[in-house]
Peer 1: 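Here it is, the structure in full.
Each ligand, and each atom within it, is numbered from 1 in the order the structure gives. Each residue takes its place number in the sequence, starting with 1.
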Amino acid sequence: MDNYRDTAADPLTETDPTQTDLPEPELQESELPEAAVRMLPVAELHLHIEGTLQPELIFELAERNGISLPYSGIDELRALYEFTDLQSFLDLYYANMAVLQTEQDFADMTRDYLARAAAAGVRHAEIMMDPQAHLSRGISLETCVNGVASALATSVNDFGVSTFLIAAFLRDLSEESALEVLDGLLAMNAPIGAIGLDSAEVGNPPSKFERLFAKAREAGLRLTAHAGEEGPASYILEALDVLGVERIDHGIRCMEDPDLVERLVEERIPLTVCPLSNVRLRAVDTLADHPLPAMLAAGLNVSVNSDDPAYFGGYVDDNFAQLEAVFGLSDFDRSRLAANSIHSSFASEERKAELLDELNRA
Ligand code: HPA
Ligand code: ZN
């Protein structure tokens, strides 16, 4: 992916086309151990906190809460992480949430993610949670929101990672259910800054949630939605035009519609791409078939994210390491992806400037 250098703008600023001279790495990439890709400071924008629940923690929480799991051990559970499509993953993802019972459980899961993300070079994390997946199991909004929020509250101090919480709504449930939950979140003054839309995409188009997104916008929340992961490119258009989202989660199927690509480039719409997720959920056959290089070449505003790292083979550094192994990312590609993630975040302008400064120095 070396060949964008001549045509692309400076990755670190969106307006100044001056090329930045990145310092030579002290070690050649080939001398680095495989897992230790040299990470630039990045923002992670597409992360489901429930998808960070590692098998070890699933068993620990099951024991703590007296829940009997239908697996004999970690190996048997891990053996199930062979997915055929999005739904086959969602079935296990929702089933494993049964172990999340108390605020402490949600806090422990979130702290584990923040510690691992910090080690991966993540300096700002925008974290989705699925309140409806907990309410349907009899867990209150207070338990799940306050548990996650308590870990986020000390994240800057503990891990140097700033955070932003996104309430994601399950698109295979009704809009009425989503509206009710949004009301509950607003009534409890939940520390959320945005809403998102996730779960089973095909057959649940963005337009199903027009009133929900209008209401969230009125409440001053930022807007994002999964679109174009398994669903068609037309869902991306709907998310932009009917829901008015600022950002698209996944969005890889935009590549099937050249007019849409042109618009996404022109409007600099962020696409939060998750390469290992796309491989594991068979949205692409192999990483070598992933459209990320073509998306970068087209000038799309893409970032690299981990989605559900406990299920898909790795965190954001693992995504970068595997992209590096398959495509040989140049320094320029890496700094562009990192800069895109920062520019595309919902962080304050002040925090973005800090992160861009840190990236510039890296
Ligand atoms: N797609 C849709 N819904 C999800 C995902 C995903 O990758 N992960 C968790 N919920
Ligand atoms: Zn996702």
Peer 1: Look at H46 and state whether any of its N, O or S atoms is less than 2.8 Å from the Zn ion (ligand 2).
Peer 2: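 Yes, H46 qualifies, because one of its backbone or side-chain N, O or S atoms lies under 2.8 Å.
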
Peer 1: Taking heavy atoms and a distance under 4.0 Å, where does E201 meet ligand 1: side chain, backbone, both or neither?
Peer 2: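 No part of E201 is near ligand 1 at this cut-off.
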
Peer 1: Only heavy atoms of L90, strictly under 4.0 Å: list the atoms of ligand 1 that pass.
Peer 2: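 Those of ligand 1 that fall under 4.0 Å from L90 are 4 (C), 10 (N).
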
Peer 1: Which is the closest N/O/S atom of D307 when seen from the Zn ion (ligand 2)?
Peer 2: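 It is OD1, the N, O or S atom of D307 closest to the Zn ion (ligand 2).
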
Peer 1: Checking the N or O distance criterion of under 3.5 Å, is ligand 1 in contact with H46?
Peer 2: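 No: no nitrogen or oxygen of H46 is under 3.5 Å from one in ligand 1.
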
Peer 1: Could you check D198, D307, N305 and say which one makes a side-chain hydrogen bond (donor to acceptor under 3.5 Å, both in side chains) with H46?
Peer 2: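 In the set D198, D307, N305, the residue that makes a side-chain hydrogen bond (donor to acceptor under 3.5 Å, both in side chains) with H46 is D307.
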
Peer 1: What is the closest protein heavy atom to atom 7 (O) of ligand 1, and at what distance does it sit?
Peer 2: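 I find the closest protein heavy atom is D307 OD2, 2.7 Å.
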
Peer 1: Mark yes when over 12 heavy atoms from residues, nucleotides or ligands other than E63 sit less than 6.0 Å from its CD; otherwise mark no.
Peer 2: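 No.
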
Peer 1: For S199, is at least one N or O under 3.5 Å away from an N or O on ligand 1?
Peer 2: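 Such a contact does occur with ligand 1.
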
Peer 1: Taking the Zn ion (ligand 2) as the vertex, how big is the angle to NE2 in H226 and NE2 in H48, rounded to 10°?
Peer 2: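 Roughly 100°, rounded to 10°.
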
Peer 1: Ring of F89, cation from R282 - is the NZ or CZ under 6.0 Å from the centre and inside 45° of the axis?
Peer 2: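 R282 over F89 ring: no.
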
Peer 1: Please say whether E229 places an N or O atom under 3.5 Å from an N or O atom belonging to ligand 1.
Peer 2: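 Right, the criterion is met.
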
Peer 1: Are the side chains of I67 and Q101 in contact, using a 4.5 Å heavy-atom criterion?
Peer 2: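 They are in contact (side-chain heavy atoms under 4.5 Å apart), so the answer is yes.
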
Peer 1: Starting from atom 8 (N) of ligand 1, what is the nearest protein heavy atom, named by residue and atom, and what distance separates them?
Peer 2: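 Heavy-atom neighbour on the protein nearest atom 8 (N) of ligand 1: D308 OD2, 2.7 Å.
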
Peer 1: Below 30° counts as parallel, above 60° as perpendicular, anything between as tilted: where do the rings of F83 and Y311 land?
Peer 2: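 The rings of F83 and Y311 sit tilted, inter-plane angle from 30° to 60°.
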
Peer 1: Considering only heavy atoms of H250, which atoms of ligand 1 have at least one such atom less than 4.0 Å away?
Peer 2: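 Listed by number with element: 7 (O).
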
Peer 1: Given the rule in the side chain to side chain donor-acceptor pair (under 3.5 Å) test, do S341 and E44 qualify, once you have shown the distances and angles that lead to the verdict?
Peer 2: CA-CA 7 Å; S341 74; E44 174 144 65; over 6 Å; no

Peer 1: For the pair K215 and D183, find out whether any cationic side-chain nitrogen is under 4.0 Å from an anionic carboxylate oxygen.
Peer 2: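 Salt bridge present between K215 and D183.
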
Peer 1: Any side-chain heavy atom of L197 sitting closer than 4.5 Å to one from H226?
Peer 2: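 They are not in contact (no side-chain heavy atoms under 4.5 Å apart), so the answer is no.
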
Peer 1: In this structure, does ligand 1 have an atom that sits under 4.0 Å from one of the heavy atoms of G51?
Peer 2: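 Distance cut 4.0 Å: G51 fails for ligand 1.
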
Peer 1: Please find out if less than 6.0 Å separates the ring center of H290 from that of F327.
Peer 2: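 Aromatic pair excluded; centres sit 6.0 Å or further apart.
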
Peer 1: Would you check if the Zn ion (ligand 2) lies under 2.8 Å from any N, O or S atom of C274?
Peer 2: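 Of the N, O and S atoms in C274, none lies under 2.8 Å from the Zn ion (ligand 2), which means no.
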
